[in-house]
Amino acid sequence: MDAPLVLGIETSCDETGVGIVRGHELLADAVASSVDEHARFGGVVPEVASRAHLEAMVPTIERACDTAGISPHDVDAISVTSGPGLAGALLVGVAAAKALALGLGKPLYGVNHLASHVAVDQLEHGPLPEPCLAMLVSGGHSSLLRVEDVTVGVEPLGSTIDDAAGEAFDKVARLLGLPFPGGPHIDRAAREGDTVAIDFPRGLTSRRDLERHRFDFSFSGLKTAVARWVEMRERTGEPVPVADVAASFQEAVCDVLTRKALDAARDQGIEDLLIGGGVAANSRLRALAEERASSMGIRVRVPRPGLCTDNGAMVAALGAEMVARGRRPSSLDLPADSSQPVTEVLV
Ligand code: KG4
Ligand code: ZN
């Protein structure tokens with residue numbers, strides 16, 4: 001059989017993504033974002049996101065098909081993010097995918113958003129090493145996963161016990177008066193700053209914490225430390241050195257993420273670290289992971305920034321892998337599951 005042609009739909013948060021792949025080949029990656037509509041609220045407003053998905057869905061499907069030069073009738077399967085994510089937003093994508101699958105008479109695969117962040121790397125770097133150690137860092141999740149076969153399941157080794165890494169970036173950006181979503185703005189501001197200007201805390205790295213939380217993360221204390229530091233500056237009337245705060249904060253996050261990810265890889269005897277999710281677009285995280293991993297003989301794979309943030313191609317990539325490995329399609333009454341566990345890769 002030829003590599004499967006799959007159309008994937010992603011609507012778990014604020015990006016309406018429709019991707020088309022043939023096996024590991026990316027043919028189209030159309031994304032319509034409602035991020036500007038949320039900016040003034042400083043976070044994604046679920047109802048606004050759902051409505052925007054509804055408006056963007058059909059035009060985005062059409063745009064993806066045009067770019068790929070295919071008709072929807074050509075596809076071998078439809079895949080869709082069934083969870084986790086915002087319930088109302090997920091429902092729009094799942095309903096659209098069911099309608100397409102039913103109308104076209106094609107199989108439907110409801111797949112996990114987090115596993116899709118892992119599978120997307122195949123579009124850039126080819127088949128996933130098996131096993132690989134995946135670090136997923138996004139606005140809603142920060143996890144370390146052992147991935148044997150991404151179409152069967154993933155094994156969680158640790159995750160954040162409070163804020164996600166991206167959430168910390170967004171909250172600290174807000175404190176510094178930078179726009180939402182904050183990650184890219186901190187990344188940019190940090191380039192002009194000093195990473196050792198301020199010694200911010202590294203969560204869950206003390207010897208005692210490591211006993212219970214070796215592969216877990218905590219970013220809420222770091223966020224509070226930044227808030228206190230900024231408040232103190234403001235109280236004494238001194239200017240806040242935005243670039244230095246951004247650089248020192250970013251260094252604290254990237255230091256802990258890379259240290260724990262590489263510790264997990266070594267512990268598991270795995271030589272390939274894959275980083276995915278929106279925060280994987282961070283330039284310092286990419287550089288530091290590369291630097292530290294190479295000294296340990298561990299290879300790092302990170303998709304290009306555009307494939308790290310939410311998109312439809314990642315859902316199509318996982319769908320195509322499901323088809324290629326002969327996994328059973330989902331039933332047409334598959335639910336949208338806002339809290340779908342990371343271990344459930346196919347519904
Ligand atoms: O994976 P994603 O697009 O959506 C979720 O599933 O959450 O991740 C979005 C998150 C946001 O918190 C955003 O601030 C962060 O990824 N992000 C970044 C960068 N680009 C996006 N964080 C740090 N540095 C970046 N360059
Ligand atoms: Zn995501």
Side-chain angles (χ1 to χ4, degrees), residues 13-14 35-36 38-44 135-143 159-206 209-210 213 216-262 275-292 302 305 308-309:
C13 192
D14 58 343
V35 68
D36 294 341
H38 309 288
R40 70 192 171 98
F41 301 106
V44 176
M135 175 162 71
L136 276 190
V137 273
S138 72
H141 299 268
S142 308
S143 323
S159 65
T160 182
I161 60 167
D162 42 53
D163 292 352
E167 199 178 343
F169 270 96
D170 294 339
K171 288 177 175 169
V172 165
R174 196 178 171 138
L175 284 170
L176 295 175
L178 299 171
F180 174 84
H185 297 279
I186 298 232
D187 196 345
R188 213 166 305 129
R191 287 187 199 145
E192 314 295 322
D194 182 356
T195 55
V196 294
I198 309 152
D199 188 16
F200 286 130
R202 270 64 170 160
L204 300 185
T205 55
S206 72
D209 284 336
L210 286 175
H213 293 291
D216 291 328
F217 302 106
S218 165
F219 297 109
S220 137
L222 169 61
K223 171 200 67 193
T224 308
V226 177
R228 294 286 163 275
W229 196 91
V230 169
E231 274 164 25
M232 203 176 64
R233 275 297 193 129
E234 284 169 345
R235 218 171 19 237
T236 55
E238 287 172 278
V240 175
V242 171
D244 283 347
V245 176
S248 301
F249 157 76
Q250 178 174 278
E251 193 66 16
V253 175
C254 297
D255 179 23
V256 178
L257 288 177
T258 52
R259 240 197 283 171
K260 294 209 174 203
L262 291 169
I275 311 179
V279 181
N282 185 267
S283 60
R284 181 61 184 148
L285 180 62
R286 301 168 80 98
L288 193 60
E290 194 61 62
E291 182 188 313
R292 290 183 171 174
V302 199
C308 288
T309 46

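Computed from a predicted model, the values in this text were never measured in an experiment.
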- Message: Measuring from atom CG of Leu136 to atom OG of Ser143, what distance do you get when rounded to the nearest 0.5 angstrom?
- Response: 5.5 Å
- Item | Check: Ser142 side chain, Ala165 main-chain N or O, donor-acceptor pair, under 3.5 Å | yes
- From Arg259 CZ over to Cys254 SG, what is the distance, rounded to the nearest 0.5 angstrom? 12.0 Å
- Message: Check whether Ser248 reaches the backbone of Ile198 with its side chain - one donor and one acceptor, N or O, closer than 3.5 Å.
- Response: yes
- Which pair of non-hydrogen atoms, one from Val302 and one from Cys308, has the smallest distance, and what is that distance? CG1-SG, 4.2 Å
- Does Lys171 come within less than 4.0 Å of Asp163, counting only side-chain N to carboxylate O? yes
- Item | Atom of Glu251, atom of Leu288 and distance for their closest heavy-atom approach | OE2-CD2, 4.3 Å
- Task: Heavy atoms only: give me the nearest Pro305-Ala281 pair and the separation to one decimal.
- Result: CB-CB, 4.0 Å
- Message: Applying salt bridge (Lys or Arg N to Asp or Glu O under 4.0 Å) to Arg174 and Asp170, what does each step give before you reach the verdict?
- Response: CA-CA 6 Å; Arg174 196 178 171 138; Asp170 294 339; over 6 Å; no
- Task: Using the side-chain contact (heavy atoms from CB on, under 4.5 Å) rule, take Leu257 and Phe219 through it: C-alpha gap first, then chi angles, then the decisive distance, then the call.
- Result: CA-CA 10 Å; Leu257 288 177; Phe219 297 109; 3.8 Å; yes
- Task: Carefully, step by step, assess Met135 and Leu285 under the rule side-chain contact (heavy atoms from CB on, under 4.5 Å).
- Result: CA-CA 11 Å; Met135 175 162 71; Leu285 180 62; 4.3 Å; yes
- Heavy-atom closest pair (Pro181 atom, Val35 atom, distance to 0.1 Å) is CD-CG2, 3.4 Å
- Message: For the CG atom of Asn282 and the CD1 atom of Ile186, what is their distance to the nearest 0.5 Å?
- Response: 9.5 Å
- Query: Are the side chain of Arg292 and the backbone N or O of Asp255 linked by a donor-acceptor pair below 3.5 Å?
  - Reply: yes
- Task: For the pair Lys260 (side chain) and Asp216 (backbone), establish whether a donor and an acceptor sit closer than 3.5 Å, ignoring hydrogens and angles.
- Result: yes
- Enclosure of Glu231 CD (heavy-atom neighbours >12, cutoff 6.0 Å): yes
- What is the distance from atom CZ of Arg191 to atom CZ of Arg284, rounded to the nearest 0.5 Å? 12.0 Å
- On a heavy-atom basis, the closest approach of Ile275 and Ala280 is CG2-CB, 3.7 Å
- Rounded to the nearest 0.5 Å, what's the gap from OG1 on Thr160 to CD on Glu167? Could you check? 8.0 Å
- With side-chain contact (heavy atoms from CB on, under 4.5 Å) as the test, would you mind laying out the steps for Phe217 and Val137 before giving the verdict? CA-CA 11 Å; Phe217 302 106; Val137 273; 5.8 Å; no
- Looking only at atom types and distance, does a side-chain atom of Arg202 sit under 3.5 Å from a main-chain N or O of Phe200, one as donor and one as acceptor? yes
- Task: Over all heavy atoms of both residues, which pair between His185 and Pro179 is shortest? Give the atoms and the distance, please.
- Result: CD2-O, 3.5 Å
- Item | Check ion pair Asp36-Arg40 (N to O, under 4.0 angstrom) | no
- Does a side-chain N-to-carboxylate-O contact under 4.0 Å join Glu290 and Arg286? no
Side-chain donor-acceptor contacts of residues 236-247 below 3.5 Å, not counting sequence neighbours, with atom names and distances?
unit_1	atom_1	unit_2	atom_2	d
Thr236	OG1	Met232	O	3.2
Thr236	OG1	Arg233	O	3.0
Thr236	OG1	Glu238	OE1	2.9
Asp244	OD1	Asp194	N	2.8

- Query: What pairs meet the ring pair (Phe, Tyr, Trp, His ring centres under 6.0 Å) rule with one or both residues in residues 235-255, with sequence neighbours excluded?
  - Reply: Phe169-Phe249
